[in-house]
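Report on the following structure.
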Amino acid sequence: MESSAQPLANNTGLSKTYEFSEVEKRWLARWLDEKAFAATMEPGKASFSVVIPPPNVTGVLHIGHALNNTLQDILVRYHRMRGDNTLWVPGTDHAGIATQNVVERQLASEGKNRHDLGRDAFIERVWQWRSEKGGAIVKQLKRLGASCDWDRERFTMDDGLSRAVREVFVRLYHEGLIYKGSYIINWCPRCHTALADDEVDHEESDGTLYHLRYPVTNDAGEAGDVVVATTRPETMLGDTAVAVHPEDERYRHLHGAMIELPLTGRTIPIICDSYVEREFGTGALKVTPAHDRNDYEMALRHQLPQLKILDDSGVMNENAGAYAGQDRFACRKQIVADLKAQGFLVKEEAYRHAVGGCYRCHTVIEPNVSEQWFVSVRPLADKAVAAVQSSRINIYPDTWYKTFYNWMDNIRDWCISRQIWWGHRIPAWTCAACSKVIVAVDDPDVCPFCGSSSLTQEEDVLDTWFSSALWPFSTLGWPQQTKELATFYPTSVLITSFDILFFWVARMMMMGLHFLDEVPFKDVYLHALVRDKFGKKMSKSTGNVIDPLDMIAQYGTDALRFTLTAFAAQGREIRLDEERVDGYRRFINKLWNAARFAEMHLSQDASIRPLVDDVHPKGLAHRWILSRVNATIREVRAALDHYNFNEAASSCYQFVWHYFCDWYLEWIKPDLFSKDAAVVAEARATLLGVFEQTLALLHPIIPFVTEEIWSHLPGERGLLMLAPFPEARPERDDAQAEEEMGLLMEVISGLRTIRTEAELHPGAQIKASIFCANTDKRTILQRHRSDIMALVRASELDIAEAGGVPNDAGHALVQDVELVVPLKGLIDVAAELEKLNKEQARLELELNRINTKLANEQFVAKAPPAVVAKEREKALELATRLEKILESINRMQALR
RNA sequence: GGGCGAAUAGCUCAGCUGGGAGAGCAUCGGCCUUACAAGCCGAGGGUCACAGGUUCGAUCCCUGUUUCGCCCACCA
């Protein structure tokens with residue numbers, strides 16, 4: 001057929017501007033309709049699987065989710081395109097306390113509480129809430145483009161997972177790794193439940209350190225005083241001893257003495273314990289075993305009684321005597337006042353210290369002694385540590401290893417019971433007849449020990465993290481031996497935020513290794529927290545929250561995804577700046593416009609064939625861009641294989657904008673418009689081939705725009721998301737083309753610089769000379785003479801071995817090549833000079849005016865300093881501009 | 001108290017086992033050149049925190065200092 005020298009009709013399929021909102025909606029629907037995200041389990045293929053860190057069912061998508069799920073989606077799409085059996089399991093977490101709080105608030109607004117409903121009705125109510133509102137985050141994840149296998153969505157409370165929870169609990173119990181015991185735990189007086197150590201947030205706060213005088217009664221008759229220091233004076237009502245360090249000389253005479261505890265009339269002993277820090281406070285420590293962990297442990301060592309003075313709501317109980325019924329903080333004030341009145345308060349000093357709060361509701365937690373269920377984690381932790389040490393699990397970035405080991409070495413038993421209703425109720429029953437405890441997977445009807453049918457199930461539920469710990473295998477069907485489990489366990493990588501390394505990641509390792517004897521995931525990638533651009537944590541109260549849904553609405557999902565990817569450098573906190581999102585939106589737009597250009601040249605050419613493997617274009621630019629594509633493919637693959645997401649993004653960006661658009665497309669324009677059909681065909685084929693590869697390469701990061709463009713490229717094609725991921729083809733590496741293009745690009749840039757510096761009109765045609773003594777380089781330059789001329793707008797270009805540089809010429813040297821552009825005669829010097837002179841006059845006038853103003857003492861003294869400063873700035877600016885104008889004038893005059 | 005990390009252009013950051021100091025944004029100058037002014041072509045801008053050391057050579061490795069940030073921890 002005839003080659004077309006005309007641009008093809010403007011009636012292209014791609015709209016002039018990229019309407020991301022419409023495109024995203026359309027493709028998401030299509031992907032879901034076609035079940036393109038569904039896992040495959042074809043024999044003989046490699047497997048790639050990921051389980052989503054299940055967001056709380058109460059959650060809404062925040063920027064952290066957006067980051068987390070973008071990174072997962074990139075890997076999942078990448079591996080799916082590589083042809084692996086790929087599964088991404090989605091789901092949500094029942095989030096015990098958080099969800100119960102939400103529903104309780106709802107009830108409160110109706111003037112009710114959960115006890116009004118009773119346990120069963122309340123749980124029913126939570127399920128109802130979940131079916132109405134619990135799916136919000138799932139929709140948002142879809143909108144983000146998350147290519148999860150949505151038909152496999154799981155919920156930590158659904159039947160299968162609940163079954164797994166029971167199975168695990170029962171097995172651990174019978175192995176002696178779960179036990180019930182009385183111990184001091186963190187108690188939230190608002191949520192009315194125990195909290196694990198890591199569910200307590202310690203925050204610095206300003207408090208007061210009270211020094212209290214306790215009178216000593218000594219049998220020998222030498223009465224004296226001991227002064228103790230405390231931040232929580234109300235707990236003195238529960239003191240059962242005062243401790244001093246055994247080697248503290250100051251208190252040696254008091255060993256074995258007794259103290260008359262003020263306000264209570266109780267008498268308590270002085271004990272010696274080396275836990276006491278002699279340097280702190282007075283060196284004497286009041287001991288309140290029921291309400292302080294260290295005191296509790298000390299009390300065990302000394303067989304001291306535990307006296308509880310607070311109830312579960314943080315209200316003083318009957319043991320508080322006259323203070324019973326007071327709230328703990330009100331009581332604190334009262335006690336201080338009373339002690340002061342009776343002369344027992346020695347001093348108060350301001351004191352900054354860390355106070356523990358409930359991680360859900362931020363209520364100050366109260367250490368409390370109670371009956372709880374625990375997991376003995378030591379044996380489980382040892383397996384996890386061994387797996388990491390032997391590299392069966394790798395952690396990225398590797399800075400986390402040390403933290404991980406350190407934490408695992410100091411791990412304590414895990415308190416797994418929670419005194420709430422929403423969650424997996426502990427599968428333990430007590431027989432009223434024989435008092436034995438039955439722990440079983442299935443609800444027992446009768447006591448297996450005595451046959452009695454009066455069994456009472458444990459009231460407590462399990463810590464939310466208990467079920468999350470099973471997530472990698474419970475979601476795959478365990479305890480059944482499913483095909484999914486066989487295909488996808490262990491999962492390939494876990495991507496999560498570092499702040500749940502211990503809550504969750506470590507516990508998954510323990511459970512996976514214990515029950516399946518295999519790691520739950522081979523790699524762990526811990527990403528940073530997303531902060532604002534000043535490095536501050538985002539929080540509603542600070543008002544610096546960047547809402548991903550806003551970003552999506554404003555800039556598009558792809559722009560947000562690309563931004564997050566570009567920021568995801570390992571081991572670095574992410575300071576998200578909205579301007580960057582806008583910047584990457586422009587990148588998407590650039591890609592869109594390149595697509596429009598490509599489409600213009602490709603769409604109506606029925607004979608167009610994409611580049612096939614055994615065809616090798618001859619044109620330098622084609623060879624060069626194919627070589628660049630190869631390099632980029634390698635970079636992106638290597639980056640993704642090593643979780644260097646930012647590098648993948650930056651390679652793509654560099655390739656698309658600078659190699660492909662700035663150089664390649666500009667370079668091949670003459671080819672595309674050529675009269676020579678072979679030249680046109682080669683250009684079109686290469687353009688199509690390269691563009692296809694580019695889209696495929698970018699797809700994992702920006703799925704929507706790439707899929708849309710892909711669908712408009714000529715030829716029958718399926719979904720891009722299921723197309724093969726590009727592979728580097730060594731036969732297309734072309735060092736020679738890279739070198740030649742490198743030289744030409746430098747020469748062209750050099751000539752452009754001369755043009756710009758000479759202040760030539762960009763449209764003006766120049767006559768340039770190039771002198772190059774190097775024969776090889778000169779040959780290259782001569783071969784591409786017309787390319788150079790096109791790209792620097794030269795009407796004439798001499799390429800010679802050597803020559804002289806005239807005085808009135810722009811001159812530059814790149815790669816041993818002298819670039820010369822004679823300036824004379826290229827522009828209308830007279831007209832230019834007139835323009836410049838006018839500008840000079842204008843600037844001088846203005847400058848004069850400001851200088852006069854600044855010379856005026858009155859002005860400088862009385863005007864607001866900011867105004868004066870601004871005037872000075874302006875003067876400086878004008879002066880520099882004037883200087884430049886004068887330079888130009890000089891140059892012009894030299895040309896005359 | 002223990003541990004970890006960071007310090008590179010005005011801003012946000014790359015710089016992946018030692019040899020060229022880089023990107024995006026912002027700034028300045030010039031352009032609506034037939035994909036893109038959401039663009040193009042150019043330009044300016046850095047004692048790579050500081051001080052030592054190793055090396056032919058240090059942003060990079062070592063030591064110390066300073067300043068930030070984070071995590072863990074029972075000093076009441």
Side-chain angles (χ1 to χ4, degrees), chain A residues 6-7 12 14 16-18 197-198 202 209-210 228-232 235 243 275-288 292-298 351 353-354 356 367 397 399-403 405-407 410 498-499 501-502 528-529 531 533-537 566-567 569-577 579-580 582-601 638-639 642 644 646-647 649-650 653-654 657-658 661-662 665-666 669 673 748-749 752-763 791-793 877 880-881 884 888:
Chain A
Q6 299 299 314
T12 64
L14 295 174
K16 185 154 171 129
T17 51
Y18 176 50
D197 290 342
D198 47 16
H202 293 272
L209 190 60
Y210 301 91
V228 297
T230 181
T231 54
R232 305 172 60 206
T235 62
Y275 164 75
V276 179
E277 294 283 338
R278 278 168 281 186
E279 291 75 26
F280 188 89
T282 58
L285 169 65
K286 62 190 276 306
V287 182
T288 320
D292 183 281
R293 169 166 283 158
N294 300 303
D295 293 5
Y296 174 83
E297 280 165 11
M298 216 182 308
Y351 185 66
H353 63 134
T399 49
W400 287 100
Y401 280 105
K402 204 158 180 173
T403 312
Y405 290 132
N406 190 40
W407 191 79
N410 299 311
F498 69 79
D499 55 344
L501 176 59
F502 306 126
L529 249 41
R531 298 163 184 283
K533 68 169 172 175
F534 304 109
K536 288 215 178 70
K537 263 189 189 174
F567 266 112
Q570 282 189 21
R572 191 113 193 181
E573 67 183 25
I574 296 176
R575 298 185 180 200
L576 188 61
D577 183 349
E579 282 182 25
R580 288 281 289 265
D582 188 51
Y584 291 120
R585 190 212 49 177
R586 283 187 271 185
F587 172 71
I588 306 290
N589 194 58
K590 184 77 177 172
L591 184 69
W592 183 257
N593 280 308
R596 289 179 58 221
F597 177 79
E599 188 186 48
M600 200 160 118
H601 290 279
H642 296 97
N644 293 317
N646 60 318
E647 290 177 17
S650 121
Y653 189 99
Q654 168 75 17
W657 205 307
H658 300 303
C661 290
D662 286 351
L665 292 185
E666 293 303 324
K669 275 178 183 173
F673 289 102
I748 290 164
S749 292
R752 283 171 173 169
T753 303
I754 295 174
R755 290 186 59 112
T756 303
E757 285 178 351
E759 295 177 5
L760 293 184
H761 187 278
L791 289 163
V792 302
R793 292 175 181 269
E877 196 189 316
T880 11
R881 281 180 63 185
K884 283 190 171 176
S888 296

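Each chain gets a letter, A, B and so on, in the order its sequence line appears, and its residues count up from 1. As the structure is a prediction and not an experimental result, all values here were calculated from the model.
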B/U59 versus B/U17 - spacing of their C1' atoms, nearest Å
15 Å
Say you pick atom P in B/U27 and the same atom in B/C11; how far apart are they, in whole Å?
15 Å
Under a 3.5 Å cut-off for both distances, is B/U55 Watson-Crick or wobble paired, and to whom?
none
Using a heavy-atom cut-off of under 4.0 Å over every strand shown, decide if A/K669 touches base, sugar-phosphate, or nothing.
base
Taking only the P atom of each, what is the distance from B/C41 to B/A26 in whole angstrom?
16 Å
Just checking A/T753: base, sugar-phosphate only, or nothing, at a heavy-atom cut-off of under 4.0 Å?
sugar-phosphate
Would you indicate what A/D295 reaches in the nucleic acid, counting non-hydrogen atoms under 4.0 angstrom: base, sugar-phosphate, or nothing?
nothing
Remember a base hit wins even if backbone is also touched, and classify A/S749 as base, sugar-phosphate or nothing at under 4.0 Å, heavy atoms.
sugar-phosphate
Just so I know, are the side chains of A/L501 and A/W400 near enough to count as touching, which here means a heavy-atom distance under 4.5 Å?
yes
Would you classify A/N589 as touching base, sugar-phosphate or nothing, given that sugar-phosphate means primed atoms plus P, OP1 and OP2, and contacts are heavy atoms under 4.0 Å?
base
What integer number of Å spans the C1' atoms of B/A43 and B/A38?
23 Å
By nearest heavy atom, map A/Y275 and A/L665 onto RNA chain B; which one lands nearer the 5' end?
A/L665
Using the P atom as the point on both nucleotides, what is the distance between B/A23 and B/C61, in whole Å?
23 Å
Separation of B/A23 C1' from A/N646 CG (nearest whole Å):
12 Å
Looking at every strand, decide which applies to A/K590 at a 4.0 Å heavy-atom threshold: base, sugar-phosphate, or nothing.
base
Quick check for you: to the nearest 0.5 Å, what is the distance between A/T231 atom OG1 and A/Y210 atom OH?
9.0 Å
If you look at every strand shown and take non-hydrogen atoms under 4.0 Å, does A/Y653 touch a base, only sugar-phosphate, or nothing?
sugar-phosphate
Is the shortest side-chain heavy-atom distance between A/D292 and A/M298 below 4.5 Å?
no
Is the A/Y653 ring parallel, tilted or perpendicular to the A/F587 ring (thresholds 30°, 60°)?
parallel
P atom, B/U34 versus B/G29: distance in rounded Å?
24 Å
Counter-base of B/A21, judged by Watson-Crick or G-U geometry with both distances under 3.5 Å:
none
Check if the side chain of A/Q654 and the base of B/A14 share a donor-acceptor pair of N or O atoms closer than 3.5 Å.
no
Work out how far the C1' atom of B/A7 is from that of B/C60, and round it to whole angstrom.
14 Å
Looking for any heavy atom pair under 4.0 Å, which part of the strands does A/R580 touch: base, sugar-phosphate only, or nothing?
base
For B/C4 versus B/G64, give the span between their P atoms, rounded off to a whole number of Å.
12 Å
Which residue, A/F498 or A/V276, contacts RNA chain B at a nucleotide closer to its 5' end, judged by nearest heavy atom?
A/F498
Ring-plane angle category for A/Y18 and A/W592, please: parallel below 30°, perpendicular beyond 60°, tilted otherwise.
tilted
When all nucleic acid strands are considered with a 4.0 Å heavy-atom cut-off, which category describes A/Y18: base, sugar-phosphate, or nothing?
nothing
Give one of base, sugar-phosphate or nothing for A/E297, where a contact means two heavy atoms less than 4.0 Å apart.
nothing
